[in-house]
Colleague: 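Take this structure, written in structure tokens, and hold onto it; I'll ask about it next.
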Amino acid sequence: MTTTAPPGTDTVTGPASDRPGGLRRIGLKAGRTAQGPGLVFVVPFLLVFVLFLVWPIVHGLWMSFTDSSLALRDTAFVGFDNYTEAFGDPDVWSSLGNTVVFTAISSVPLVLVALAMALLVHSGLAGQWAWRLAFFAPYLLPVTVVTLIWTWLYQPELGFANQFLDTLGMAPVGWLSDESVAMWSIAALTVWWTVGFNFLLYLAALQSLPSTFYEAAALDGAGAWRRLWSITLPQLRRTTALVAMLQVLASLKVFDQIYILTKGGPNGSTRPVLEYVYDVGFTGYRLGYASAVSYLFFALVIVVSLVQLRLFRQED
């Protein structure tokens, strides 16, 4: 009696899939089949990524080596002339100094205040939903609404800030017109507006801490302050590092609230480097020079990020 082997079966070695070569061919065929749908989903993202991120970066870098201008049609290659001019431009250094000052006076309270708010809510106060809403709601407001509110508060004659000082018998303050006060006023606005995001990060971290540490500390008789310093804060080191890094980078890129409130005034005392790039590029029409300044600032941001990552890794 003669038997017929099923398709794909060798009478000597068995099914084709049982042989090493057959397995390899089947795997390659399955891999090629699986790549088809994946590419369909990846290609649209790659197109958007290249069109709106990679190409602007490359084109802007090329512009920084030219004398490109909104007022001139022809463009000439100038090499490193724009970068050389930027290093000797006092306005670049003054705006960079303003940016560093703003970063220093805004980042510290944005970390500490957010931590205090998260600890307050996590402590079990009544009506936690109201506290969370009150702390996070300002972060949802657009910058135009925030600056309008604080413009009214800082209004010299009728603003709430000077009215409050008047009730205390103190002289009014030029919150946005005094060079020694304007940057602090903008920092206060920024803390009120953006601290809600850091608050949520800290609150999520607090809620994920294991309760066994606190139970053991309670059995040992540790008080609230001892539990805070010995358990809570050490467990939040990674979150604090993340919040600090994100906040420093965000503060270095400040532009919106300063431009709407003071436009860099008074006398350029609050103008950040990004506003200087905007003024040079779209008011002075020097796109090539503005690109060079922006890429120098971009390099500074990269260096700051790498330094922060290295410091946080050493602490870990």
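In this text the structure is predicted, and so the values were computed from the model without any measurement.
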Colleague: If you count heavy atoms of other groups shown closer than 6.0 angstrom to CH2 of Trp192, is the number above 12?
Modeller: yes

Colleague: Near Phe136 CZ, under 6.0 Å, is it more than 12 heavy atoms from other residues, nucleotides or ligands?
Modeller: yes

Colleague: Give a yes or no answer on whether the side chain of Trp193 reaches the backbone of Leu140 with a donor-acceptor pair at less than 3.5 Å.
Modeller: no

Colleague: Could you give the distance from CZ (Phe49) to CG (Leu53), rounded to the nearest 0.5 Å?
Modeller: 4.5 Å

Colleague: Do you see a donor-acceptor pair shorter than 3.5 Å between the side chains of Asp89 and Tyr289?
Modeller: yes

Colleague: Under a single-linkage definition using a 4.5 Å side-chain heavy-atom cutoff for Ile, Leu, Val, Met, Phe, Trp and Tyr, are Trp150 and Ile105 assigned to the same hydrophobic cluster?
Modeller: yes

Colleague: When you look at OH of Tyr83, are more than 12 heavy atoms from neighbouring residues, nucleotides or ligands closer to it than 6.0 Å?
Modeller: yes

Colleague: How close do Leu110 and Val191 get, counting heavy atoms only, and between which atoms?
Modeller: CD2-CA, 3.6 Å

Colleague: Do we see a donor-acceptor contact under 3.5 Å between the side chains of Ser251 and Ser106?
Modeller: yes

Colleague: Show your working on salt bridge (charged side-chain N to carboxylate O under 4.0 Å, His left out) between Asp67 and Arg286 and close with a plain yes or no.
Modeller: CA-CA 7 Å; Asp67 62 352; Arg286 300 186 61 192; over 6 Å; no

Colleague: Under 3.5 Å, is there a donor-acceptor pair between the Tyr214 and Thr232 side chains?
Modeller: yes

Colleague: State, to 0.1 Å, how close Pro266 and Ser177 come at their nearest heavy-atom pair, and which atoms those are.
Modeller: CG-O, 3.3 Å

Colleague: Judged by atom type as modelled, is there a donor-acceptor pair below 3.5 Å linking the side chain of Glu179 to the main-chain atoms of Ser269?
Modeller: no

Colleague: If you apply the rule side chain to side chain donor-acceptor pair (under 3.5 Å), what do you find for Tyr202 with Thr240, and how did you get there?
Modeller: CA-CA 8 Å; Tyr202 271 121; Thr240 301; 2.9 Å; yes

Colleague: Can you run down the salt bridge (charged side-chain N to carboxylate O under 4.0 Å, His left out) pairs that involve residues 160-175, sequence neighbours left out, and say none if there aren't any?
Modeller: none

Colleague: Is there a chain of hydrophobic side chains (I, L, V, M, F, W, Y, each step under 4.5 Å between heavy atoms) that links Tyr154 to Met170?
Modeller: yes

Colleague: With rounding to the nearest 0.5 angstrom, report the CG to OG distance, Leu296 to Ser291.
Modeller: 11.0 Å

Colleague: If you group Ile, Leu, Val, Met, Phe, Trp and Tyr by side-chain heavy-atom gaps below 4.5 Å, do Val92 and Tyr295 land in one group?
Modeller: yes

Colleague: Measure from the side-chain N and O atoms of Asn162 to the backbone N and O of Pro156, and report whether any donor-acceptor pair falls under 3.5 Å.
Modeller: yes

Colleague: Between the side chain of Thr99 and the main-chain N/O of Val273, is any donor-acceptor distance below 3.5 Å?
Modeller: yes

Colleague: Is the backbone of Trp175 close enough, under 3.5 Å, to the side chain of Ser185 for a donor and an acceptor to pair up by distance?
Modeller: yes

Colleague: Mind checking the OG-CZ spacing from Ser107 to Phe102? Nearest 0.5 Å is all I need.
Modeller: 7.5 Å

Colleague: I'd like to know if the side chain of Gln163 reaches the main chain of Glu157, judged simply by a donor and an acceptor atom lying under 3.5 Å from each other, with no hydrogens or angles considered.
Modeller: yes

Colleague: Same cluster for Trp152 and Phe160 if Ile/Leu/Val/Met/Phe/Trp/Tyr side chains link at under 4.5 Å?
Modeller: no

Colleague: Under 3.5 Å, is there a donor-acceptor pair between the side chain of Trp93 and the main chain of Phe87?
Modeller: yes

Colleague: Does the ring center of Phe77 lie less than 6.0 Å from the ring center of Trp62?
Modeller: yes

Colleague: Looking only at the side chains, is there a donor atom on one of Glu275 and Ser95 sitting less than 3.5 Å from an acceptor on the other?
Modeller: no

Colleague: Would you tell me whether Ser180 and Asp178 have side-chain atoms, one donor and one acceptor, within less than 3.5 Å of each other?
Modeller: yes

Colleague: Could you tell me the separation between the OG1 atom of Thr151 and the CD atom of Gln257, rounded to the nearest 0.5 Å?
Modeller: 11.5 Å

Colleague: Does a donor on one side chain and an acceptor on the other come within less than 3.5 Å for Thr262 and Thr270?
Modeller: yes

Colleague: If you group Ile, Leu, Val, Met, Phe, Trp and Tyr by side-chain heavy-atom gaps below 4.5 Å, do Leu141 and Leu189 land in one group?
Modeller: yes

Colleague: Just verifying a value: how many Å separate Leu203 CG and Met117 CE, rounded to the nearest 0.5 Å?
Modeller: 10.0 Å

Colleague: Looking at Ser64, is its backbone amide N or carbonyl O close enough to the side chain of Asn82 to form a donor-acceptor pair, meaning the two atoms are under 3.5 Å apart?
Modeller: yes

Colleague: I'd like to know if the side chain of Thr66 and the backbone of Met63 have a donor-acceptor N/O pair within less than 3.5 Å.
Modeller: yes

Colleague: Is it true that a side-chain atom of Asn98 and a backbone atom of Gly268 form a donor plus acceptor pair closer than 3.5 Å?
Modeller: yes

Colleague: Using the six-membered ring wherever Trp is involved, compare the ring planes of Phe255 and Tyr259 and label them parallel, tilted or perpendicular (cut-offs 30° and 60°).
Modeller: parallel

Colleague: About how many Å separate CZ of Phe297 and CG of Leu252, when rounded to the nearest 0.5 Å?
Modeller: 5.0 Å

